[in-house]
There are 2 protein chains.
Amino acid sequence: MSERNGSTAVRGATLLDVAERAGVSRATASLVLRDTGRVSEATRQRVRDAMAEVGYVYNRSAAAMRSNSTKTIGILVTHIGNPFFGELIGGLQEALGAAGYSCILASSGDDAAQQDRAIAELRSHKVGAVAIVPATTSRQDYSRELNELELPHVMLTRHSGDLGAPFVGPDNVLGGRLAMAHLIEHGARSFAYLGGSLAIHNRTERRRGMQDALAAAGIPTTALVDLPSGRGSQDGLRVGLELIDTHPLPDAILCHSDNIAFGVYRALRLRGLATTVRVTGYDDIATAELWEPPLTTISTRPAAIGERAAQHLLDQIEHGVNEGFVVMTPQLVIRESCGCTPDRLDALDATAPVV
Amino acid sequence: MSERNGSTAVRGATLLDVAERAGVSRATASLVLRDTGRVSEATRQRVRDAMAEVGYVYNRSAAAMRSNSTKTIGILVTHIGNPFFGELIGGLQEALGAAGYSCILASSGDDAAQQDRAIAELRSHKVGAVAIVPATTSRQDYSRELNELELPHVMLTRHSGDLGAPFVGPDNVLGGRLAMAHLIEHGARSFAYLGGSLAIHNRTERRRGMQDALAAAGIPTTALVDLPSGRGSQDGLRVGLELIDTHPLPDAILCHSDNIAFGVYRALRLRGLATTVRVTGYDDIATAELWEPPLTTISTRPAAIGERAAQHLLDQIEHGVNEGFVVMTPQLVIRESCGCTPDRLDALDATAPVV
DNA sequence: CGATCCGGTACTTAAAACACA
DNA sequence: GTGTGTTTTAAGTACCGGATC
């Protein structure tokens with residue numbers, strides 16, 4: 001076993017080693033490395049061979065120091081474990097990787113202080129930009145703060161209300177409208193919107209879409225009961241029970257997320273009300289189609305949002321253009337919880353003619 | 001809007017700026033920064049004030065270059081979106097952060113080639129060590145390869161069979177034994193183990209634990225049917241249907257993961273067999289207690305594994321000691337799918353006396 | 001406290017190759 | 001054949017910002 005501890009790290013081969021082996025100068029080797037400059041093909045190949053022979057590993061730190069820029073992007077989300085963010089990150093990493101950038105991930109735990117620490121962390125790594133899902137408790141003009149730090153950025157999924165700030169996220173108004181319109185088509189006339197934090201704009205946006213749909217169908221907005229909650233399935237259970245125990249049962253429940261819907265399912269079963277109410281979710285997580293009944297939901301295609309966000313950042317740092325507020329079209333994924341399978345919720349459909 | 005593009009990044013304040021403002025030398029400022037050396041408290045405070053005033057941001061690249069070490073650790077997992085890994089990463093980041101290290105995350109998509117690329121990426125960032133969930137298709141002696149790269153590391157959750165390699169993961173033998181023993185206590189006498197890849201050691205280990213429990217109860221090992229599958233819930237549905245359609249229905253089904261159990265639940269419902277078979281999962285994901293019936297499962301406490309892995313790495317890079325193969329104790333989480341609620345599966349318990 | 005070092009990068013300079021009058 | 005101009009190719013070197021002596 002070789003001697004190895006914090007103080008005696010072995011230095012690897014440098015560009016100078018490569019250059020000497022290839023019989024060229026360090027500068028030339030650098031040009032070959034970056035595929036730029038005017039170097040003959042024969043020399044290029046010799047340098048590349050030399051790199052392979054000595055097991056050369058690029059030193060980003062050295063490059064960053066001189067050029068004061070790194071091909072590195074920071075990604076900051078609230079909860080790494082959230083599958084939605086997992087897909088989002090996947091889309092981002094893939095698109096950024098294809099453009100030659102590497103990513104550093106950080107997680108804020110949805111806490112503003114930790115978020116500040118993470119940003120400092122990323123800045124000390126000299127990231128060229130950050131893609132950030134802002135913490136719920138972020139300061140209102142957070143985007144401007146980042147601008148003052150000269151840090152190109154794009155907000156993901158959540159925005160702070162400033163429509164001039166760089167942002168990529170789902171069209172929540174449309175998503176809310178799609179879900180509500182579908183339930184109205186099924187004949188539902190009374191509704192509850194369960195879950196989600198009032199502090200987040202996407203909730204008010206979805207609500208607006210829902211009310212647009214109600215208005216279009218000539219249904220009074222008072223037909224929509226509204227109960228917020230935390231973001232876990234447990235919160236969905238809690239708020240589901242709250243609805244059942246303190247309100248008349250609506251024809252349909254629109255859940256703020258699939259996770260919430262999961263808790264609501266359980267609340268309905270606990271009260272013996274399973275499959276007596278139409279339910280929709282939001283997000284379309286991987287297991288949604290395996291539930292009982294399979295969940296009708298709104299897909300926001302997080303990977304596509306990630307790819308678009310990568311584009312947004314690249315446009316900023318490579319072309320200096322800021323695309324501003326970008327909204328992505330969600331999709332209604334129809335399964336069975338809305339009542340779309342006749343042999344499952346036919347009792348409901350019998351009393352409410354499908355339009 | 002300020003002019004900002006790839007080529008005209010603004011340089012921030014340096015340690016020299018801080019030093020001049022505080023009226024000390026750069027060397028002194030460096031000592032204050034790292035909380036070392038003999039510097040008077042008055043000077044320390046002056047330097048700290050100066051840092052705050054000029055908005056100083058530590059430049060890790062510069063530090064890394066000189067000291068050839070970064071307080072940065074790489075974390076490489078197969079799927080960032082997997083909630084299990086999310087918790088694992090959370091535990092790692094917290095423990096490493098407390099020790100003054102920052103983390104860089106990468107994802108291999110469970111592909112060996114991508115894993116190689118990610119390792120190269122992390123090496124170019126000069127990480128001091130990596131915590132890695134190896135891809136299923138990793139080469140057998142992967143740990144030795146990393147040793148040859150002089151890269152301290154610890155394998156997480158999965159190991160390659162080399163018990164001398166640095167590893168932290170759950171005790172799969174015990175986990176399998178706990179689940180099986182509990183089902184046997186319930187009176188079950190025929191079993192199926194569903195899901196999981198044969199290529200991964202943890203599967204054979206859990207199976208060994210299950211057979212230990214069978215042997216201890218005097219039940220022949222042929223009482224355990226074994227069907228592997230992919231890792232998603234959809235795979236669980238597939239393998240669940242396969243079991244139901246091609247085998248006699250066992251008393252109990254042990255699932256390789258909660259995700260698999262989810263698909264198995266659906267398979268049982270589709271065949272009209274819901275709550276006629278005892279089911280256990282593995283992992284204890286957040287929603288498991290909300291299922292119908294709430295899932296009895298084995299908790300591997302991924303956050304604890306992450307913390308332990310952080311300790312493992314710190315021991316290597318700071319004290320030069322390698323703790324080798326470390327195994328964490330899992331816990332049986334009893335809910336209802338095993339038959340533990342009398343009023344739910346009492347039909348089962350009537351025919352099979354609880355020990 | 002000043003000097004030096006780490007390993008790439010950006011810029012300057014220069015040699016060689018080629019074109020064309 | 002010679003001289004001048006242009007392009008291609010490669011070398012030389014200052015420099016970035018902390019850490020160390």
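These numbers were taken from a predicted model, which means no experiment stands behind them. Below, all heavy atoms of this structure are taken into account, side chains as well, without hydrogens, waters or symmetry copies. Throughout, a chain's letter reflects where its sequence line sits, starting with A, and its residues are numbered from 1.
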What is the distance from atom CD1 of I89(A) to atom CD of E94(A), rounded to the nearest 0.5 Å?
13.5 Å
Hey, what do you get for CG (L122(A)) to OG (S124(A)), rounding to the nearest 0.5 Å?
7.5 Å
Atom [atom1] of [X] and atom [atom2] of [N]: how far apart are they, to the nearest Å?
X       : N      : atom1 : atom2 : result
K71(A)  : dT9(C) : NZ    : C1'   : 14 Å
L16(A)  : dC5(C) : CG    : C1'   : 14 Å
L15(B)  : dG2(C) : CG    : C1'   : 15 Å
N59(B)  : dG7(C) : CG    : P     : 16 Å
N68(A)  : dT9(C) : CG    : P     : 14 Å
R123(B) : dG8(C) : CZ    : C1'   : 17 Å
H125(B) : dG7(C) : NE2   : P     : 18 Å
K126(A) : dT9(C) : NZ    : P     : 16 Å

Closest to the M65(A) side chain, choosing from dG8(C), dA19(D), dC16(D)
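So the side chain of M65(A) is nearest to dC16(D).
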Let's see if you can work this out: which of dA10(C), dG8(C), dT20(D) has an atom nearest to the side-chain heavy atoms of S67(A)?
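Output: dA10(C).
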Using a 4.5 Å cut-off on heavy atoms from C-beta on, say whether the side chain of L88(A) contacts that of N82(A).
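Result no, sub-4.5 Å side-chain heavy-atom pair not found.
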Do the side chains of I132(B) and V77(B) get nearer than 4.5 Å, heavy atoms only?
no
Report, one pair per line, the protein and nucleotides 8-15 of chain D atoms (nitrogen or oxygen only) whose separation is under 3.5 Å.
from	atom 1	to	atom 2	distance (Å)
dT8(D)	OP2	R38(A)	NH2	3.2
dA10(D)	OP1	S40(A)	OG	3.3
dA10(D)	OP1	T43(A)	OG1	2.4
dA10(D)	OP2	S40(A)	N	2.9
dA11(D)	OP2	S25(A)	N	2.7
dA11(D)	OP2	S25(A)	OG	3.3
dA11(D)	OP2	T28(A)	OG1	3.1
dC15(D)	O2	R66(A)	NH1	3.2

Run the side chain to side chain donor-acceptor pair (under 3.5 Å) check on S143(B) and D162(B) step by step: do they pass?
CA-CA 8 Å; S143(B) 182; D162(B) 174 7; 5.1 Å; no
Q140(B): what forms a side-chain contact (heavy atoms from CB on, under 4.5 Å) with it, not counting sequence neighbours?
none
Can you tell me the pairing partner of dG17(D) across any strand shown, Watson-Crick or G-U wobble, with both distances under 3.5 angstrom?
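dC6(C) is the nucleotide pairing with dG17(D).
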Is the ring pair F167(A)/H159(A) parallel, tilted or perpendicular, if the boundaries are 30 and 60 degrees?
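Because their plane-to-plane angle is over 60°, the rings of F167(A) and H159(A) count as perpendicular.
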